[in-house]
2 protein chains.
Amino acid sequence: MARAATTTDVFNAIAEPRRREIIGMLSDGREHAVGDVVLHLRMPQPAVSKHLGVLRKVGVVTVSRRGQMRLYRLNAKELKPVHDWVKVYERFWTHQLDRIKIRAEQKMAERITRENQIGRDKEEK
Amino acid sequence: MARAATTTDVFNAIAEPRRREIIGMLSDGREHAVGDVVLHLRMPQPAVSKHLGVLRKVGVVTVSRRGQMRLYRLNAKELKPVHDWVKVYERFWTHQLDRIKIRAEQKMAERITRENQIGRDKEEK
DNA sequence: ACTTTATATTCCGTTATGGGAATATGTCAA
DNA sequence: TTGACATATTCCCATAACGGAATATAAAGT
């Protein structure tokens, strides 16, 4: 196997900086035509279409037609898995207090590890 | 050009499910030997070493040596960019109130778009 | 019917990816 | 030193990624 397809999950989809830019442009919650994105982000049209295609397959955007244009809209709830996943690590950089707690836990854990190690050493003797 | 290297930024690094698993295992803030990861996540050792290598290059983990083993520790603050980025979209799925507000904004935006469209149609006549 | 206009799709080339297997490096222990 | 152990690195493979250019589709306008 090679790499997992980008159309597989959201994490892969947002790995592309340009796709994140597109998402950012859609973050106003409004519909945007492909041409808008091309203009604002100054990307070649085929690139935009492709990236939007990826985002659509993952569900991060939805499409609707209006005349000859296609209007893309952000479906942000599909980003929730990313948020949920990374939220777990928030405590590592917020709140001095948490940081102290984490430190304490680490020290404790290390001590136990050390003691276990010593215990094992003795047994092996 | 192909894709940006995974070792380039965090978003690419966490795109790999297995790497997310490894990060998850390190989320206790303690040091873990490569062998621990191999055992707990049941991945072949070279795979683990490679993934840890990627995470280290991005700065998500740090290494230290203890005897013949290398102890990896999570450096979670490197995940903050991801958190910051995705936090922007939190409002889309939390709080009924926000959702209503967003809806209202959308309707309003659509009306304006529609009116502009009509305006343009008239001018072009 | 023909021509713009808007968007999608296809083809191609280069490059990186992740897995597996084998091998290298480095450390401890007898 | 020799050998067991822990981890890293290398090589090869199949795959898919992006970008660019060209082309296809499709809707509107004249």
**Request:** Let me know, please, whether B/P44 or A/V48 comes out on the 5' side of the other along DNA chain C by nearest nucleotide.
**Result:**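 It is A/V48 whose nearest nucleotide is closer to the 5' end.
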**Prompt:** Are any of the side-chain nitrogens in B/D9 or A/R20 under 4.0 Å away from the carboxylate oxygens of its partner?
**Reply:**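 Here B/D9 pairs with A/R20 in a salt bridge, since their nearest N and O are under 4.0 Å apart.
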Please tell me whether [X] and [Y] are part of a single hydrophobic cluster in this structure, the criterion being side-chain heavy atoms less than 4.5 Å apart.
| X | Y | answer |
| --- | --- | --- |
| A/L71 | A/V38 | no |
| B/L52 | B/V63 | yes |
| B/V88 | A/V86 | yes |
| A/W93 | B/I23 | yes |

**Prompt:** By a strict heavy-atom criterion of less than 4.0 Å, which residues belonging to residues 49-64 of chain A are in contact with DNA chain C?
**Reply:**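 Correct list: A/S49, A/K50.
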**Asked** Mind checking whether A/Y89 and B/L74 have side chains closer than 4.5 Å, heavy atoms only?
**Response** yes
**Asked** Counting just side-chain N and O atoms, does B/Y72 come under 4.0 Å of either OP1 or OP2 of D/dA6?
**Response** no
Rounded to whole angstroms, how far apart are [atom1] on [X] and [atom2] on [N]?
| X | N | atom1 | atom2 | answer |
| --- | --- | --- | --- | --- |
| B/L41 | D/dT7 | CG | P | 14 Å |
| B/I22 | C/dG19 | CD1 | C1' | 14 Å |
| A/M43 | D/dA21 | CE | P | 16 Å |
| A/I14 | D/dC18 | CD1 | P | 13 Å |
| A/N12 | D/dA17 | CG | P | 8 Å |
| B/M69 | C/dA29 | CE | C1' | 14 Å |

**Request:** Of all the heavy-atom pairs spanning B/H32 and B/D28, show the shortest one and how long it is.
**Result:**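 Minimum heavy-atom separation between B/H32 and B/D28: NE2-OD2, 2.9 Å.
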**Prompt:** If you look at every heavy atom in A/F11 and B/A15, which pair is closest and at what distance?
**Reply:**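 Here A/F11 and B/A15 meet closest at O-CB, 3.9 Å.
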**Message:** Under the criterion side chain to side chain contact (heavy atoms under 4.5 Å, CB included), I'd like the reasoning laid out for A/V58 against A/E78: C-alpha separation, chi angles, the key distance, then a yes or no.
**Reply:** CA-CA 8 Å; A/V58 182; A/E78 288 296 320; 5.5 Å; no
**Prompt:** Along nucleotides 23-30 of chain D, 5' to 3', which nucleotides get a B, which get an S, and which get a -, given that the test is a protein heavy-atom distance under 4.0 Å?
**Reply:** ----BS--
**B/L71 vs A/R18, nearer the 5' end of DNA chain D by closest nucleotide** =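 Result: B/L71.
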